[in-house]
J.: 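Submitted below is the structure of interest, expressed as structure tokens.
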Amino acid sequence: MATIRDVARRAAVAPITVSRVLNEPSLVSGATRERVEAAIRELKYVPNMVGQGLRRRRTMTLALIVSDITNPFAIQQITAVSDAARGAGYTVIFGHTQGDPAEELRQLRSMIERRVDGIILSPVRNGPAPVEFVQQSGREIVVLGYRMPANDVDAVRCDTRAAATELTQYLIGLGHRRIVMLSGPEEIVTATERADGYADAMAAAGLPAEVHYGAFSTASGYDLAGAVFRSATEPTALVTANNFLALGAARRARESGLTVPDELSIVTFDNARTEVVHDPFFTGIVQPIDAMARRATELLLERLDGRHDGPGRDVVFPTVLDVHGSSAPTPRPSTHRRHNEVEGTS
């Protein structure tokens with residue numbers, strides 16, 4: 001493998017000149033710079049970025065840690081963060097916690113050991129421990145997707161409680177009165193915030209709220225919906241806390257003989273993109289994840305560059321209610337629903 005001295009000999013310059021071409025090219029004349037760059041190409045020289053980073057006290061790497069890499073929401077986070085970081089000359093290392101707080105801590109420790117300059121964390125929960133762990137190591141961190149009331153840290157998020165209220169109010173406006181909420185794990189803040197927003201809307205309308213907690217998964221949506229369909233509730237609409245829950249619920253509805261939206265409306269958060277899966281496409285709350293992830297990266301870079309050293313900033317992006325074919329006005333009363341579930345044909 002070629003070294004910087006090999007490049008210097010090929011270009012007939014001193015090694016320090018090669019270093020300047022790599023790090024401060026404006027200090028080198030055009031002709032010399034071209035000669036050095038030609039030698040780099042010919043020798044296929046790869047700079048030792050670790051060594052350079054240690055000298056600068058920077059490795060020019062960031063870490064992004066997400067909770068569920070199978071979710072299209074996380075894929076958008078990864079794409080947007082890597083694009084923003086690349087534009088600033090950084091490389092991004094990705095970690096996946098599988099929704100496990102213990103794995104989250106292990107991933108954070110690993111990233112710190114790799115000497116990343118800063119971390120963007122989409123946490124499993126919004127407790128203070130992960131942020132405190134990173135800050136105590138001397139690394140900068142930004143949280144993506146959660147409010148962090150117990151930490152002095154930059155956070156970029158949406159107000160998902162208010163968004164869930166809006167989503168539920170939309171169904172109420174269509175005439176629905178028997179609306180059930182399917183949410184994720186009760187210990188995860190987005191699950192409880194979205195359930196609380198649903199309950200706020202139901203209470204304001206004088207309607208009974210019914211929340212079922214499970215996992216943020218298709219299987220959980222399928223199981224939770226099945227339990228609801230077998231109960232005395234007979235909902236005309238479901239509010240689901242994420243797209244996977246909605247997909248599972250829609251599958252269970254179809255197997256139970258319910259048509260969406262004629263007999264059952266389903267609305268959700270982070271509705272899956274049209275190329276992904278469901279017909280009719282879900283009505284849902286859309287979070288501007290690309291803009292959020294880019295802003296989180298910008299906040300981190302501002303701290304790394306010394307452009308901001310004040311208190312943590314709480315940046316809240318607006319959401320959009322995106323109406324599609326999975327929602328419709330409340331259906332007329334029918335015995336078709338109850339028959340299917342009682343006869344066990346689901």
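Please read these numbers as outputs of a predicted model, since none were measured by experiment.
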J.: What I want to find out is whether R303 reaches D309 closely enough, with some N-O distance under 4.0 Å, to be called a salt bridge.
T.: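 D309 and R303: not salt-bridged.
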
J.: Ignoring hydrogens and angles, state whether a donor on the side chain of E186 or T192 is under 3.5 Å from an acceptor on the partner side chain.
T.: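 Short answer, no.
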
J.: Is there a donor-acceptor contact under 3.5 Å linking the side chains of T236 and H176?
T.: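 On atom types as modelled, these side chains qualify, holding a pair under 3.5 Å.
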
J.: Does a side-chain N-to-carboxylate-O contact under 4.0 Å join E298 and R307?
T.: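 No, no charged N to carboxylate O under 4.0 Å.
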
J.: Is the cationic atom of R194 (NZ for Lys, CZ for Arg) positioned less than 6.0 Å from the six-membered ring centroid of F269 and within 45 degrees of its normal?
T.: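 The answer is yes, since R194 meets both limits relative to F269.
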
J.: With a 4.5 Å limit on heavy-atom distance, are the side chains of E234 and F229 in contact?
T.: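 They are not in side-chain contact.
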
J.: Is R251 paired with E255 through a side-chain N to carboxylate O contact shorter than 4.0 Å?
T.: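 Looking at E255 and R251, the cut-off is met.
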
J.: Test: side-chain hydrogen bond (donor to acceptor under 3.5 Å, both in side chains). Region: residues 128-151. Which pairs qualify, not counting sequence neighbours?
T.: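 Sorted result for residues 128-151: R147-E193.
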
J.: Do the side-chain N and O atoms of T165 and T168 include a donor-acceptor pair separated by under 3.5 angstrom?
T.: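 No.
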
J.: Is the closest basic N to carboxylate O distance between E103 and R106 below 4.0 Å?
T.: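 Here E103 pairs with R106 in a salt bridge, since their nearest N and O are under 4.0 Å apart.
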
J.: When you check the gap from the basic side-chain N to the acidic O, do E302 and R313 get nearer than 4.0 Å?
T.: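 Salt bridge flag = yes for R313 with E302.
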
J.: Do NZ/NE/NH1/NH2 and the carboxylate oxygens of E42 and R10 come within less than 4.0 Å?
T.: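 Looking at E42 and R10, the cut-off is met.
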
J.: Can a donor-acceptor pair be found, under 3.5 Å and without considering hydrogens, that links the side chain of D117 to the backbone of L62?
T.: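 Side chain of D117 to backbone of L62, a donor-acceptor pair under 3.5 Å: no, none is there.
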
J.: Without hydrogens or angle criteria, can the side chains of D68 and Q98 be said to hold a donor-acceptor pair below 3.5 Å?
T.: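 Checked: D68/Q98 side chains show no N/O donor-acceptor pair below 3.5 Å.
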
